**Q** 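Dumping the structure here so I can ask a few things about it.
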2 protein chains.
Amino acid sequence: MEFNDKQIQIIETAERLFAERGFDGTSVRDIADEAGINVAMISYYFGSKEKLMEALFELRVGSVKIRVESLLKDESLSPIEKVNMLIDEHIERVMQKQCFYKIMVGVLVTNKNPAILKAANQVKIRNAEVVSELIKDGQKKGVFKKKVDVILMLNTMVGTVSQSMMSQHYYREFNNQQDIPDEEFEVLLKRRLSIHIKTLFKAILTNEA
Amino acid sequence: MEFNDKQIQIIETAERLFAERGFDGTSVRDIADEAGINVAMISYYFGSKEKLMEALFELRVGSVKIRVESLLKDESLSPIEKVNMLIDEHIERVMQKQCFYKIMVGVLVTNKNPAILKAANQVKIRNAEVVSELIKDGQKKGVFKKKVDVILMLNTMVGTVSQSMMSQHYYREFNNQQDIPDEEFEVLLKRRLSIHIKTLFKAILTNEA
DNA sequence: AAAAAAATTAAACAAATGTTTGATTTTAAT
DNA sequence: ATTAAAATCAAACATTTGTTTAATTTTTTT
C-alpha cells in the first residue's frame, strides 16, 4: 500500500507516541492532537487504531529487506567483512529508527496482534537465514569455527543494541558525557557499539588457541 | 511493606497479565476475574492499579540485592569465578521470573511512573557498581584487561538474556526441539546461554595475543 | 455471645476509550 | 461554473476504564 503525505504524518506521530507511551497507553485523541488533525481522520485513513499500527509496520519493515540481501551477493567481500557490515548496518538502522524499535520490543513482549507479530518475526527469520548462509560460507572457507549458534549470536547483537539504545541516557550519565552535543554522543555510542560487538563476534566465530 | 497471602495472589495474577498484555492492556477487571476476586479488592488492598504495579516491584526487587552483594565479599573466589557466577545468577534470576522481567522491559521503554522507573534503575545501578568493583579487583590482580567498558558488557549480558528469553519459542523451533519437555528445554537454554556469555566475557576481559 | 474489625460484594460513578455519523468545507474533474 | 469526489469537522455513540460507595458477610477480639 502507498501512503500519502498526511498518512505518513499521522503514522510518524503515532510512532513517536507509541514508543513513548506504548500502544495501549496512547489514545487516538492523543495522536490526533499531536498531529494537529481531527480524530475522525484516523478511522478515515486507516480504519482503526490497530490498522494504523499495522500501517506503521508496513511502512518501516518494507524498507529493510533490500540492503541486507544485497550484502550477501557481493562477491568481493570476505565473510568477516560481511559480518562486520551486518553489525554496522544493524546498529545504524536501530539508532536511526529508535522509536520504531522501541515499539518492536513492546510488540515482541506482549504478542497480541497476529499480523504485527508476523511482520516482526519476518525480519527476524530473514536475518537468521541470511546470517546462517554467511556463516556456512565462512566455515567452508575455513575462517569460521565449525560450531556456531547463530541464533544466540544474533540475540547478542540485537539484545546489546536494544539494551544500549534504551538505556543510553544512563550510559551517558555514567561516563559523565552530558556536556557533549546529542548528535556527537550518538556517533560515539554507535562507534563503541560497533567495536564492542565486532570483538564479541570475532570471539564467537574465529578459531584461536 | 509486608503482603498477606491474598495480596500476593493478586500481585502474581497481575504480574502474569501485565507480562502477557502490558500494563495499559490489562484492566483491573481482567485481574480480578483471573484472580477470582472482586474488582474493589484491588483498590481496597493497594489503593490503585498504579500502586499495585509498585507493590509488584517492591515484592520482586526487594529480594535481589542480598545475593549479588554477598558475591563480592567472598574472598575465596577469583575475579573470573565471580564474573561467571554473576552470569549464572543473572540467567537463573531472569528465567525464574520471566513475567517480571518482561514487565521490566516494558517499563524501561515507556517510562511513565517515576517510582517504578526508579526501582528499575536501582537494580541496574547497583549491578554496575558491584561489577565495576569486581573488574577493578581483577585488573589489580592482572587477570583482566585495563580498558573495559562495564556498561556495554552488562548491556550484552542483560540484552542477550532478555532477547533469548523473549524469543525462546522461536529458538526452539529453529533447532527443532519442540518434542523435548518444557523444563528440559529451559535447562538446555540456560546452559547454552551460560557458556555463550562466559565466552563473550572472556573475550572482553582477558588478555590474549 | 456481643462487639469490633476486616473482608467481600454488587452497583454506581464519572471520565476516557475507539469509532461512526452527518454536515460542511476543500479540492479536483468536467 | 457546475458537479463529483475527497477531506475535514464537531458531535454523538456505545463500551470500557479505574475508582468509590454503601451494604453485607466473615473473621477476630473482647
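Below, chain A is the first sequence line, B the second, and so on; all start at residue 1. Since this is a predicted model, take the numbers as computed values, not measurements.
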**Q** Considering only heavy atoms, which members of residues 21-45 of chain B lie under 4.0 Å from some atom of DNA chain D?
**A**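 When residues 21-45 of chain B is checked for heavy atoms under 4.0 Å from DNA chain D, the hits, listed by number, are B:T26, B:S27, B:V28, B:R29, B:V39, B:A40, B:S43.
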**Q** Rounded to whole angstrom units, what separation is found between the CZ atom of A:F46 and the P atom of D:dT8?
**A**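 So the CZ-P distance, A:F46 to D:dT8, works out to 12 Å.
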**Q** Ring of A:F23, cation from A:K49 - is the NZ or CZ under 6.0 Å from the centre and inside 45° of the axis?
**A**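 Pair A:K49/A:F23 counts as cation-pi.
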**Q** Set out, in order, the CA-CA distance, both residues' side-chain angles and the distance that settles salt bridge (charged side-chain N to carboxylate O under 4.0 Å, His left out) for B:D88 and B:K190, then state yes or no.
**A** CA-CA 8 Å; B:D88 286 327; B:K190 284 192 284 190; over 6 Å; no
**Q** For the residue pair B:L52 and B:A14, what are the closest heavy atoms and their distance?
**A**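 So the two residues come closest at CD2-CB, 3.8 Å.
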**Q** If we ignore hydrogens and angles and just use 3.5 Å, is the side chain of B:E129 paired with the main-chain N or O of B:R126 as donor and acceptor?
**A**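 Flag not set: sc B:E129 to bb B:R126 has no pair under 3.5 Å.
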**Q** Between A:K6 and D:dA6, is there a side-chain N or O to OP1/OP2 distance below 4.0 Å?
**A**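 For A:K6, the contact criterion (side-chain N or O under 4.0 Å from OP1 or OP2 of D:dA6) is not met.
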**Q** Anything under 4.0 Å to a heavy atom of chain B counts; send over the first and last such nucleotide of DNA chain C, read 5' to 3'.
**A**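 The contact span of chain B on DNA chain C goes from C:dA6 to C:dA12.
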**Q** Write down the distance between CD (A:Q9) and C1' (D:dA7), rounded to a whole number of angstrom.
**A**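 One finds 13 Å between C1' of D:dA7 and CD of A:Q9, rounded.
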**Q** Are any side-chain N or O atoms of B:E54 and backbone N or O atoms of B:I116, one a donor and one an acceptor, separated by less than 3.5 Å?
**A**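 Not confirmed, B:E54 side chain does not pair with B:I116 backbone.
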**Q** Taking it one step at a time, do B:R192 and B:I195 satisfy side chain to side chain contact (heavy atoms under 4.5 Å, CB included)?
**A** CA-CA 5 Å; B:R192 289 216 194 143; B:I195 295 169; 6.0 Å; no
**Q** Could you tell me if the ring centre of A:F100 sits under 6.0 Å from that of A:F57?
**A**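 Between A:F57 and A:F100, which both carry aromatic rings, the centre distance is below 6.0 Å.
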**Q** Heavy atoms, side chains only, cut-off 4.5 Å: are A:M157 and B:Q163 in contact?
**A**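 No, side chains not in contact.
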